[in-house]
2 protein chains.
Amino acid sequence: MTSKQEFIEKLRNSSLRPTKQRINICEVLFNRDKTFHFTINDLFNLIKDKTGEKVSLATVYNTVHAFHKKGYLKEIPINSNQTYFDTNVTDHHHFFDVKEEKLIDLKNEDVGPIEIQKSIPGKKIKSVEVLVKLED
Amino acid sequence: MTSKQEFIEKLRNSSLRPTKQRINICEVLFNRDKTFHFTINDLFNLIKDKTGEKVSLATVYNTVHAFHKKGYLKEIPINSNQTYFDTNVTDHHHFFDVKEEKLIDLKNEDVGPIEIQKSIPGKKIKSVEVLVKLED
DNA sequence: ACAAGAAATTAGAATAATTATAATATTAAA
DNA sequence: TTTAATATTATAATTATTCTAATTTCTTGT
Ligand SMILES: [Mn+2]
Ligand SMILES: [Mn+2]
Ligand SMILES: [Zn+2]
Ligand SMILES: [Zn+2]
């Protein structure tokens with residue numbers, strides 16, 4: 001159980017003003033036990049459900065991207081018409097259940113270390129992501 | 001150098017009628033030495049450039065998805081506003097140069113075998129894709 | 001506490017990728 | 001050659017995302 005005060009500090013520490021909307025979004029995103037995979041639309045609906053307060057869609061987009069930029073959210077590449085985000089910002093991989101449209105975390109030991117043997121001059125590796133698609 | 005006749009047979013073999021438009025699209029997609037990574041928009045413009053004939057955007061979408069369904073094209077998951085496709089339909093991985101917005105093939109030996117140690121009951125693995133993002 | 005400026009929120013408009021529609025044209029088969 | 005099935009096309013519709021500009025809320029200095 002994380003307190004509202006902690007969210008306010010977290011926001012302050014990253015020079016994001018602790019507004020009511022951002023705190024509500026924090027509640028939905030970070031006040032939970034397990035990692036959370038979501039689309040903007042999931043989040044938008046959950047805010048109403050869980051906090052009882054409405055936040056505009058534009059603010060949800062703005063806040064998610066602000067959090068993403070600050071490193072509080074990870075973006076997961078999937079072939080979907082909607083962008084997926086993840087509250088687990090550590091380097092990790094995913095299952096994607098194509099039918100359920102659900103992401104599932106893979107522990108790094110479930111995949112093993114990945115060593116990229118090729119390099120491109122003048123470029124460095126920013127991230128290595130494994131996506132395992134699941135079907136029935 | 002692949003001939004038009006081969007494309008016609010290829011289309012017939014997959015119960016796709018060999019129309020002028022589809023043959024032109026085949027020319028652009030498959031009449032080349034190296035694998036080809038593209039967006040619908042790339043392809044749409046190349047058709048005009050390379051064949052001199054215009055194909056409607058709707059037909060490009062339809063044909064790309066028909067080819068994808070038939071297994072002649074692979075879809076590459078990237079966080080981009082445009083969907084990427086690949087004429088190399090074998091199981092392989094990618095660099096994505098974020099600045100240039102270009103995909104580069106990785107050979108399987110550049111990545112090594114990936115063994116997924118976790119399984120989800122009732123689900124089986126459909127694909128395993130590694131995406132390595134590159135920055136300057 | 002108050003004022004002033006900076007930053008955030010919002011509804012709604014704009015944009016852009018993709019998909020759907022429905023009329024016309026082409027292809028395949030009898 | 002007739003006919004039915006399928007494909008193409010222009011255009012409209014849809015959808016995710018971003019932009020805009022007015023309003024509200026925060027922060028900071030007084
Ligand atoms: Mn995750
Ligand atoms: Mn490729
Ligand atoms: Zn983002
Ligand atoms: Zn497709």
Side-chain angles (χ1 to χ4, degrees), chain A residues 4-5 7-28 37-48 51-70 72-73 75-85 101, chain B residues 4-5 7-28 37-48 51-70 72-73 75-85 101:
Chain A
K4 179 178 291 193
Q5 203 46 236
F7 293 136
I8 291 175
E9 281 163 34
K10 181 176 186 164
L11 289 166
R12 279 235 161 74
N13 288 339
S14 33
S15 46
L16 294 171
R17 289 184 177 175
T19 64
K20 189 173 46 159
Q21 292 83 346
R22 283 172 177 173
I23 293 163
N24 281 339
I25 292 173
C26 281
E27 296 278 2
V28 175
H37 301 108
F38 64 95
T39 66
I40 295 283
N41 217 57
D42 293 338
L43 181 55
F44 179 68
N45 291 127
L46 279 175
I47 293 163
K48 272 187 303 220
T51 72
E53 297 178 54
K54 201 199 312 180
V55 175
S56 80
L57 185 59
T59 296
V60 178
Y61 271 97
N62 288 339
T63 303
V64 165
H65 282 125
F67 287 2
H68 178 227
K69 189 173 283 181
K70 291 295 178 182
Y72 299 145
L73 292 173
E75 213 171 343
I76 312 293
I78 294 175
N79 288 129
S80 158
N81 54 326
Q82 295 215 155
T83 303
Y84 279 74
F85 294 90
E101 295 193 307
Chain B
K4 179 179 291 193
Q5 203 47 235
F7 293 136
I8 292 175
E9 281 163 34
K10 182 176 185 164
L11 289 166
R12 279 234 163 76
N13 288 339
S14 34
S15 46
L16 294 171
R17 289 184 177 176
T19 63
K20 190 174 45 160
Q21 292 84 347
R22 283 172 176 173
I23 292 162
N24 281 339
I25 292 173
C26 281
E27 296 278 2
V28 175
H37 301 109
F38 64 95
T39 66
I40 296 282
N41 218 58
D42 293 337
L43 180 56
F44 179 68
N45 293 127
L46 279 174
I47 294 163
K48 273 188 305 219
T51 72
E53 297 180 55
K54 200 198 315 179
V55 175
S56 79
L57 185 59
T59 296
V60 179
Y61 272 98
N62 288 339
T63 303
V64 165
H65 282 125
F67 287 2
H68 178 226
K69 189 174 283 182
K70 292 293 179 183
Y72 300 145
L73 292 173
E75 213 170 342
I76 312 292
I78 293 174
N79 288 128
S80 158
N81 54 325
Q82 293 215 159
T83 303
Y84 278 75
F85 293 90
E101 295 193 306

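Quick note: numbers below take in every heavy atom, side chains included, and nothing from hydrogens, waters or symmetry partners. All values reported here derive from a predicted model rather than from experimental measurement.
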Per atom distances to the B:Thr63 side chain, the nearest of C:dT10, D:dT8, D:dT9 is D:dT8
### Query
Can you tell me if A:Arg22 uses its side chain to pair, donor with acceptor, with the backbone of A:Arg17 under 3.5 Å?
yes
Quiz item: Given side chains that start at C-beta, do those of B:Thr83 and B:Ile40 come closer than 4.5 Å, heavy atoms only?
Solution: no
note: B:Asn62, atom CG; C:dT26, atom C1'; distance rounded to Å ~ 15 Å
Whole-Å distance, B:His65 NE2 to C:dA17 P, equals 14 Å
Closest of C:dT9, D:dA10, C:dA17 to the A:Thr59 side chain is C:dT9
- Student check: side-chain heavy atoms of A:Glu53 and A:Gln21 closer than 4.5 Å: no
When rounded to whole Å, the CD1 to P distance for the pair B:Ile47 and D:dT8 reads 11 Å
Overall bend of the helix from C:dA1-D:dT30 to C:dA30-D:dT1 (five pairs an end, 10° steps) is 30°
Please tell me if the side chains of A:Phe38 and A:Asn45 come closer than 4.5 Å, counting only heavy atoms from C-beta onward. no
Sub-4.5 Å side-chain heavy-atom contact between B:Lys69 and B:His65:
no
- Counting only N and O atoms by type, is there a donor-acceptor contact under 3.5 Å from the side chain of B:Ser14 to the main-chain atoms of B:Leu16? no
Which of C:dG12, D:dT11, D:dT15 is nearest the side chain of B:Ala58? It is D:dT11
Subject >> Test item: B:Asp42 side-chain N/O and B:Thr39 main-chain N/O as donor-acceptor pair under 3.5 Å >> reply: yes
Note: contacts of residues 18-26 of chain A with DNA chain C (heavy atom, under 4.0 Å) are A:Thr19, A:Gln21, A:Arg22
For the base of C:dA6, is there a side-chain donor-acceptor partner from A:Arg17 under 3.5 Å away?
yes
Q | Contact check, side chains of A:Cys26 and A:Phe67, non-hydrogen atoms, under 4.5 Å | A | yes
